[in-house]
Structure formats: C-alpha cells, structure tokens
Visitor: 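The structure that follows is given in the form of structure tokens.
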There are 2 protein chains.
Amino acid sequence: MATDDLDDEIHALLRREDQRYTKGRRALVATLRAEGQPVTIPQILDASDGLAQSSVYRNLVVLEEAGVVTRIVTNDDFARFELAEQFTHHHHHLICSSCGDVVDFSLDDQAEAGLDEALHDVAEQAGFTVEAHRLDLVGTCADCD
Amino acid sequence: MATDDLDDEIHALLRREDQRYTKGRRALVATLRAEGQPVTIPQILDASDGLAQSSVYRNLVVLEEAGVVTRIVTNDDFARFELAEQFTHHHHHLICSSCGDVVDFSLDDQAEAGLDEALHDVAEQAGFTVEAHRLDLVGTCADCD
DNA sequence: TAGCTGTTGAAAACAATTCTCATTCTGATT
DNA sequence: AATCAGAATGAGAATTGTTTTCAACAGCTA
C-alpha cells in the first residue's frame, strides 16, 4: 500500500473516533511501518526521536482503539505493537520464550481456511462473537538455539 | 486423572527442579483443579483462604517453571493460571474482550491435526524450535453480548 | 488575531508483580 | 526425640511498565 493511501485510511479511522492525525501519531505510524515487525515501546523511542514516552503510550492507545495498531501481549516485560492487519496482511506470531522477540508468519491459504471454519463452528456453539483469532507459536528462535 | 496420581506426577515434576510439594502448593493446585478454568490471582485468593498473596505469586512461578501450571496473559489487568495441558487436555481459549473472562475450548481432532502439520512446516522453515502453540479467539462472550 | 479545543511533555501516580527479611516449617541425621 | 541446615512462608516494601495529571502549546475557526 502506498504511504499516501495508508495515511488517508488511517486519517479516516481516526476521524471516526474524533481523533486527529497529528505529527506525533504520523511519526509513530511511520516507525511501525519501517520496522515491519512487532516492536516494544523502548524500541520505538530509540528508533524515532523527538517523541515523549507518555505521548507514545497515549497515542498507541488511541491508534489501537481506532483499529490502526494491534497490541501484542506476551510473557515478556513489554507489550509490542504493529500495524493492524488491514494495513499489512493476516498473520500470526513466532514468540521466542528466551529473548522475547516476536516475528510474524503466515499459514498457507488452505490451512488458514480450515482453521477459520473450525473456529467459526466453535464460536457459534459457545454463543461467542468473534472479533479476531490469534495463533502463536511459542518456542526458541534460531538465534537463541 | 485421580487426585493421587496427579499429586504424584506433580511431586515428580517439582522434585526434578529441586522443589518441594508443600501444603501451600498443594492448596494452589487443588484450587486450580476445582476451578477447571483459567483463574486470576484475586480469584485464587478468594477461593482458597489461608494463602498469602506473595506466596501465591511465588508458587505460581515455581509451578510454572516445573511445567505444572500454565500462565495465560491477555490484555486484561491480571494474568490467569490453569493446570498444564498434561494434566487436563490440549485446548485453546475464548477470550472476552469486554469482561476479560477466559474459557477453554477444543478443536475437533481433524482440525487440530491439520493445524499441527501446517505449524510444523512453518517452524521448520524459520529454524524455530516449538514448545507449544496457542490459539485464542478474541471477542465477546454470551454474557457480555 | 483571538479564542476554543485537543495534544503534548515532564513528572507524579498507579497497580500488578517481585523482592526482602525475619520467622516458621521440613525433613534428614544423629 | 532433639538438632540443625536449608527451604518456604507472610507481611510489607520495592520495583517497574503503564496511566494519569496539569500546565504549556498547536491547530483550527471565526
């Protein structure tokens, strides 16, 4: 997706929540986009300077509520953030239990479709309204082995 | 599994880590067993009295390291704990984003097998050593709808 | 330009979790 | 049984990622 289109869509999502797309929020999105992988707040502060820590936390909440950004919580100390799937593609996470690093991966279409169907059935039986499914592989990454 | 067998196995797991299976730890396991669903620490403290908060936190770490208990982290304020799968059965979680409640569910064998195979391939390609996979459905539970 | 409203930055507050330390328990040895 | 060493416990303090506060500021509208 071109940067301009992405910014337009994000602008629209924020406006829907009566939020502005400020310079700080643009910088945040740019950083997440540049990283291309889930990042912690310390990583964001290192990668993009000029942003105050409190504003980063606050804006990530705003962006998350608007559906621009996804928060990934693991057993690690820090939460991680990445652009929402609508701006990237549907994917899952490899979580390293040694270093805490989180890396994206995708299933092939057939496996994903099969999973979707099975989950749909489960949710229906439980009277559960599904917003998203999350699939993580927990283990040890190549670097930590 | 009978309570005695379960206690024996847990005892063995703890001994492997040079840990004792004390009264407090037995009470903790009994509570988790009685609940049968993931519970928060406040819930544990309510359900079983006589346990100090600091000991519950500490012992859950010990039990987790020994592989007796699994920690479930969500966007909710509190972590949740349940008996490890080896003492229950392989399952996944319905996570309510409204009330934070977590409920177990299982996939049918065929779907689970298909998923396993797909994940195995992904991990191999990434040089990732898998310890576990986690699959959560995030949404709204029947009570919150 | 003036005025209103939302945003920012720095620091204080908050809260789940972890740590400290004095006391108590466990269980192996005599 | 009595003793002793090491581990576990309870109460509270400390830690730390995150949230909130509040005064100063920026951006929009008239």
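In the text below, chain A, chain B and the rest are named by the order of the sequence lines, each starting its count at 1. Only a predicted model underlies this, so the values are computations on that prediction, with no experimental measurement involved.
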Visitor: For a quick check, tell me whether the side chain of A/S54 and the base of C/dA10 share a donor-acceptor pair closer than 3.5 Å.
Guide: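 Looking at the base of C/dA10, it does pair with a donor or acceptor on the side chain of A/S54 (distance under 3.5 Å).
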Visitor: OG1/B/T74 to CG/B/D136 distance, rounded to the nearest 0.5 angstrom?
Guide: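 B/T74 OG1 to B/D136 CG: 9.0 Å, rounded to 0.5 Å.
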Visitor: In the structure I gave you, are the side-chain heavy atoms of B/E64 and A/N75 within less than 4.5 Å of one another anywhere?
Guide: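 Yes, at least one pair of side-chain atoms sits under 4.5 Å.
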Visitor: Distance check needed: C/dA15 P versus B/D76 CG, whole Å only.
Guide: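 These atoms are roughly 15 Å apart.
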Visitor: Figure out the CG/C1' separation between B/L51 and C/dT24, and round it to whole Å.
Guide: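 So the CG-C1' distance, B/L51 to C/dT24, works out to 16 Å.
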Visitor: Does the side chain of A/H120 come under 3.5 Å of the side chain of A/H133 through a donor N or O and an acceptor N or O?
Guide: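 Short answer, no.
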Visitor: Over how many whole Å does the gap from B/N75 atom CG to C/dA15 atom P extend?
Guide: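 So the CG-P distance, B/N75 to C/dA15, works out to 19 Å.
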Visitor: Using a heavy-atom cut-off of under 4.0 Å over every strand shown, decide if A/T22 touches base, sugar-phosphate, or nothing.
Guide: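 Sugar-phosphate: the residue A/T22, judged by heavy atoms under 4.0 Å, touches backbone atoms but no base.
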Visitor: Nearest 0.5 angstrom please: A/L14 CG to A/R20 CZ, how far?
Guide: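 Separation between the atoms: 12.0 Å.
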Visitor: Find which nucleotide of DNA chain C each of A/A52 and B/Y21 is nearest to by heavy atoms, and output the residue with the more 5' nucleotide.
Guide: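 Result of the comparison: A/A52.
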Visitor: Can you tell me the distance, in whole Å, between the CZ atom of B/R25 and the C1' atom of C/dC25?
Guide: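 These atoms are roughly 12 Å apart.
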Visitor: Where along nucleotides 24-30 of chain D does protein come under 4.0 Å, by heavy atom, of base (B) or sugar-phosphate alone (S), with - for untouched nucleotides?
Guide: -------
Visitor: Please tell me if the side chains of A/H91 and A/V103 come closer than 4.5 Å, counting only heavy atoms from C-beta onward.
Guide: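 A/H91 vs A/V103: side chains apart.
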Visitor: Identify, residue by residue, the members of residues 57-71 of chain A with a heavy atom below 4.0 Å from DNA chain D, and return them in order of residue number, or none.
Guide: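 Contacting residues: A/Y57, A/R58.
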Visitor: Considering just the side-chain nitrogens and oxygens of B/Q53, establish if one lies under 4.0 Å of OP1 or OP2 belonging to C/dA16.
Guide: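 B/Q53 to C/dA16 OP1/OP2: no side-chain N or O under 4.0 Å.
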Visitor: Can you tell me how far C1' of C/dT17 sits from CD1 of B/I44, to the nearest Å?
Guide: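 About 14 Å, once rounded to whole Å.
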Visitor: Got a second to check how far B/H93's NE2 is from B/I95's CD1, nearest 0.5 Å?
Guide: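 Output value for this atom pair is 7.5 Å.
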Visitor: Grab the two heavy atoms, one from B/Q86 and one from B/G67, that are nearest each other, plus how far apart they are.
Guide: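 So the minimum-distance heavy-atom pair works out to OE1-O, 3.9 Å.
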Visitor: With rounding to the nearest 0.5 angstrom, report the CG to OG distance, B/L137 to B/S97.
Guide: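 That separation rounds to 11.5 Å.
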Visitor: Rounded to whole angstroms, how far apart are CZ on A/R15 and P on C/dT7?
Guide: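 Going from A/R15 (CZ) to C/dT7 (P), I get 14 Å.
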Visitor: Side chain of A/F78, heavy atoms from C-beta onward: which of D/dT18, C/dT7, C/dA16 has the nearest atom to it?
Guide: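 Nearest nucleotide to the side chain: D/dT18.
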Visitor: Determine, for B/Y21 and B/R15, whether the Lys NZ or Arg CZ falls below 6.0 Å from the six-membered ring centre while staying within 45 degrees of the axis.
Guide: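 B/R15 over B/Y21 ring: no.
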